[in-house]
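What follows is a set of notes on a single structure, which appears directly below.
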Amino acid sequence: MLPAIRAHLGAAPASTAYAFTLFVTWWTLRGVGDSVERRLIFSASTNLYNMRHNPVQVLVASAFWTEGGFPWTTIAGFLVVMAYAERWLGTARWILLFATGHIGATLLTVTGIAHAIDRGVIPLRVAVAADVGTSYGFSAVLAALAFRFRGRVRLVWAGAILVTLGAALWIEPTFTDYGHLCAAAIGLAVGAIAGLLWHRLERVAARKAAQD
């Protein structure tokens, strides 16, 4: 098993490095006091206040911090699911897709929060709520994995993700649930567009080969 694990992780350097970074940031938070931990999390949060003042900084930093206890499931998800996706997509495309989901879903979520606060639908304190983690990018890549399959399996994969995230938003709606659904939609959209472009390029190449 060890050679297989080494081969799996060696072919997914970005996912493996990401998982290690999450462990380092979690360990960093364990070594500081509660007040310092809260300041660190707040400074990296993609809440409305930070996005208005330091958007680029928090968009990057927020993806490398987690709250709560040891992020077992997140790290395992990167070493297994995200590593598989990286092996399929390639490191550069995996990073681009993950970043697109993280940034796109964050921007949509913050825009929704701003409109909801202006209309008095949600309290003003949401503007400074802590919001860090990898889940938006993870959701986008997970949804895009539907295009790894064909036929019914693809439809079942995509439908299961949308239904699960949609149900979570319907049952107990939070801005994070809204972000997850947006991220999944972004992943499916990117996958569909990439698939169409690839098929078009294949047809063009086949047409040129036939003419030659």
Side-chain angles (χ1 to χ4, degrees), residues 14 17-19 21-69 71 74 77-78 82 92-144 161-162 165-166 168-191 193:
Y18 207 133
T21 302
L22 292 174
F23 170 77
V24 171
T25 54
W26 171 83
W27 187 265
T28 300
L29 291 179
R30 302 289 72 76
V32 300
D34 292 340
S35 60
V36 176
E37 178 180 348
R38 286 193 296 270
R39 286 199 299 270
L40 286 173
I41 292 297
F42 176 78
S43 66
S45 294
T46 51
N47 53 42
L48 183 58
Y49 176 84
N50 284 343
M51 287 293 291
R52 284 176 172 173
H53 292 83
N54 301 294
V56 176
Q57 175 184 327
V58 296
L59 278 172
V60 175
S62 63
F64 296 96
W65 295 89
T66 58
E67 288 188 279
T74 302
F78 272 90
M82 292 296 100
R93 286 190 291 268
W94 180 86
I95 292 174
L96 181 61
L97 175 58
F98 189 94
T100 300
H102 174 71
I103 295 172
T106 298
L107 294 177
L108 290 172
T109 302
V110 170
T111 301
I113 289 174
H115 284 299
I117 290 177
D118 290 340
R119 296 178 181 179
V121 177
I122 59 177
L124 184 59
R125 66 175 181 272
V126 177
V128 294
D131 186 18
V132 295
T134 65
S135 57
Y136 291 168
F138 197 105
S139 297
V141 176
L142 192 65
I161 291 175
L162 292 177
L165 297 179
L169 182 61
W170 176 266
I171 295 171
E172 192 174 352
T174 65
F175 66 85
T176 304
D177 293 326
Y178 172 76
H180 290 157
L181 190 58
C182 289
I186 290 171
L188 291 174
V190 170
I193 293 171

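This chain uses plain numbering: 1 for the first residue, then up along the sequence.
In terms of modelled atom types and a separation under 3.5 Å, the side chain of N50 and the main chain of A44 share no donor-acceptor contact.
Separating the OG1 atom in T109 from the CG atom in L48 is a distance of 11.5 Å, to the nearest 0.5 Å. Here the CZ-OG1 distance, from F64 to T25, works out to 9.0 Å after rounding to the nearest 0.5 Å. Separation of atoms OH (Y18) and CZ (F138) is listed at 11.0 Å; rounding is to 0.5 Å. Annotation: the span from L181 atom CG to W170 atom CH2 amounts to 13.0 Å, rounded to 0.5 Å. Distance check: N54 CG to Y49 OH gives 8.0 Å after rounding to the nearest 0.5 Å. Between the NE2 atom of H102 and the OG atom of S62 there is a distance of 3.0 Å, given to the nearest 0.5 Å.
Across all non-hydrogen atoms, the minimal contact from W94 to M82 is NE1-O, 3.5 Å. For G179 against A105, the heavy-atom pair with the smallest separation is O-CB, 3.5 Å. In this structure, V132 and I41 approach most closely via the heavy-atom pair CG1-O, 3.8 Å. Of all heavy-atom pairs between F175 and A130, the closest is CZ-O, 4.5 Å. Pairing each heavy atom of H180 with each of S135, the nearest pair is NE2-OG, 2.8 Å. For P123 against I117, the heavy-atom pair with the smallest separation is O-CG1, 4.1 Å.
Side-chain atoms of D177 and L165, non-hydrogen and from C-beta on, never get closer than 4.5 Å to each other. Looking at heavy atoms from C-beta onward, R38 lies in side-chain contact with D34 at the 4.5 angstrom threshold. Taking 4.5 Å as the limit, some side-chain heavy atom of T176 sits within range of a side-chain heavy atom of Y136. Annotation: side chain of F98 is in contact with side chain of T134 (closest heavy-atom distance under 4.5 Å). Side-chain contact between L29 and W65: present, with at least one pair of heavy atoms (C-beta onward) separated by less than 4.5 Å.
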Evaluation steps, side-chain contact (heavy atoms from CB on, under 4.5 Å), between L188 and L162: CA-CA 10 Å; L188 291 174; L162 292 177; 3.7 Å; yes
Chi angles and distances behind the side-chain contact (heavy atoms from CB on, under 4.5 Å) call for S35, R39: CA-CA 6 Å; S35 60; R39 286 199 299 270; 4.1 Å; yes
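Annotation for R30: atom CZ counts as buried by contact number, over 12 foreign heavy atoms lying within 6.0 Å.
Tested against V58, the residues D131, T46, N47, T106 include a single side chain to side chain contact (heavy atoms under 4.5 Å, CB included) partner, T46.
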